[in-house]
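Following: one structure in structure tokens, then a few remarks.
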Amino acid sequence: QGKLEGDVFIVTQGAENVKLGLGEVQVLPYGETKTSIAKTRAQAEREVANLQPKLDAARTALASAEARDKAADAEWKAADNRLIEAANRDDDSFDAASRASSAALNRSIAASSEVGSAKNAVAELEKQVRSWNSGALYFTSLPSPVASVKTDADGKFSIPLDRKATVVLAANATRRVLNKTENYYWLVTVSLDGQPSKRIFLSNDNLATSDSKDSLVHVVE
């Protein structure tokens, strides 16, 4: 037995080091984890492929709704200008202009409502696509851990590890920023390479959202 020690932290855009305490760190068997990740990735690719045509159609529908809304708004403004002109003339055309302006306003309101519905449809489909391309997804079907610990208040952990084994280190942590919760996921290959101990840093460089060669997944959230 050897020992793997580590630090879990995030560097913010303002170059602040944020230590992530109470994060869970698990040691997973390498082969089973690779198989689980491959299955999850294949399923995610199928789901996104099914969703993409729907998302494309929803975006096209939104563009059409926005065009109709723009035209309806222009029509209402023109009708309203004609109403003002009729009121200034104080002639018999005022009633007809008033009815036309009111009808144009209703059409503009309806068109704006269609835009809102179309935006909601696009947002929902984009949310579904993101859910199939997230670090959290890969944590739903991982094999049972060989060992598991929590990081301390300074984001540090220590876990026993076979000196000759190659394993996967799975870690996740959260951070509250104003009214938003940020989630961080790591699935990193690690080995002591026969040494009695090693130290690892889980940070921005090897997140599931990074392009690190050590990370077994690469997602865009």
Side-chain angles (χ1 to χ4, degrees), residues 1-45 47 127 129-221:
Q1 285 285 332
K3 181 170 64 174
L4 179 68
E5 296 180 315
D7 298 81
V8 183
F9 62 96
I10 288 294
V11 180
T12 68
Q13 291 182 347
E16 178 189 1
N17 256 11
V18 179
K19 301 169 183 177
L20 299 175
L22 294 180
E24 186 174 20
V25 182
Q26 298 180 336
V27 175
L28 306 178
Y30 182 77
E32 291 179 51
T33 305
K34 287 271 287 184
T35 299
S36 169
I37 289 171
K39 289 180 179 178
T40 301
R41 182 180 293 116
Q43 182 185 8
E45 288 173 352
E47 295 293 341
K127 180 181 177 181
V129 169
R130 286 195 302 272
S131 73
W132 287 106
N133 192 27
S134 68
L137 175 68
Y138 289 87
F139 276 66
T140 59
S141 57
L142 292 173
S144 298
V146 176
S148 178
V149 296
K150 292 270 190 183
T151 59
D152 65 17
D154 291 322
K156 297 182 182 297
F157 67 90
S158 178
I159 198 163
L161 191 63
D162 188 327
R163 292 191 190 189
K164 298 180 180 179
T166 296
V167 296
V168 176
L169 207 61
N172 65 284
T174 61
R175 181 170 78 104
R176 190 74 177 171
V177 181
L178 298 178
N179 61 343
K180 179 184 176 183
T181 299
E182 294 184 348
N183 298 284
Y184 307 104
Y185 299 94
W186 291 267
L187 281 166
V188 177
T189 305
V190 66
S191 173
L192 294 183
D193 299 318
Q195 301 301 312
S197 65
K198 178 184 281 189
R199 189 165 208 89
I200 187 171
F201 297 101
L202 298 180
S203 188
N204 308 57
D205 290 341
N206 48 12
L207 274 167
T209 51
S210 73
D211 59 359
S212 170
K213 62 181 179 60
D214 294 325
S215 179
L216 293 177
V217 297
H218 302 282
V219 299
V220 180
E221 294 186 340

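In this chain, residues are counted from 1 in sequence order. All heavy atoms count here, side chains included; hydrogens, waters and symmetry mates do not.
- In this structure, S197 contributes its side chain and K3 its backbone to no donor-acceptor pair below 3.5 Å.
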Does the pair L187 and F139 meet the rule for a side-chain contact (heavy atoms from CB on, under 4.5 Å), with working shown? CA-CA 9 Å; L187 281 166; F139 276 66; 3.9 Å; yes

Criterion ring pair (Phe, Tyr, Trp, His ring centres under 6.0 Å) on Y185 and Y138, from CA distance to verdict: CA-CA 9 Å; Y185 299 94; Y138 289 87; 9.9 Å; no

Are N183 and T174 close enough, and set up right, to give a side-chain contact (heavy atoms from CB on, under 4.5 Å), and what steps lead you there? CA-CA 5 Å; N183 298 284; T174 61; 3.1 Å; yes

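- Across all their heavy atoms, S215 and S210 have their closest contact at CB-OG, 4.5 Å.
- The minimum heavy-atom distance linking Q43 with W132 is given by the pair NE2-CH2, 3.5 Å.
- Summarising the geometry of A208 relative to G135, their closest heavy-atom pair is CB-CA, 4.4 Å, with the distance given to 0.1 Å.
- Contact check for N133 versus V219: side-chain heavy atoms found under the 4.5 Å cut-off.
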Distance-only check: which donor-acceptor pairs under 3.5 Å involve side-chain atoms of residues 155-172, not counting sequence neighbours?
residue: K156; atom: NZ; partner: D7; partner atom: OD2; Å: 2.6
residue: D162; atom: OD1; partner: K164; partner atom: N; Å: 2.9

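- One finds the CZ atom of R175 at 14.0 Å from the NZ atom of K19 (value rounded to the nearest 0.5 Å).
- Taken to the nearest 0.5 Å, the CD atom of E182 stands 5.5 Å off from the NZ atom of K180.
- For the pairing with V8, the side-chain contact (heavy atoms from CB on, under 4.5 Å) check across L20, D152, L22 returns one residue only, L20.
- To the nearest 0.5 angstrom, T209 atom OG1 is 9.0 Å from W186 atom CH2.
- Here the CG atom belonging to D211 is positioned 9.0 Å from the CG atom belonging to D205, to the nearest 0.5 angstrom.
- A distance of 8.5 Å separates CZ of F9 from CG of L202, quoted to the nearest 0.5 Å.
- Atom NZ of K198 has more than 12 heavy atoms from other residues, nucleotides or ligands within 6.0 Å.
- Partners of S144 by side-chain contact (heavy atoms from CB on, under 4.5 Å), not counting sequence neighbours: none found.
- No donor-acceptor pair under 3.5 Å is formed between the side chain of N206 and the backbone N or O of S212.
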Below 3.5 Å, can you tabulate the donor-acceptor pairs from side chains in residues 25-34 to any protein atom, sequence neighbours excluded?
residue: Q26; atom: NE2; partner: E24; partner atom: OE2; Å: 3.1
residue: T33; atom: OG1; partner: P29; partner atom: O; Å: 2.6

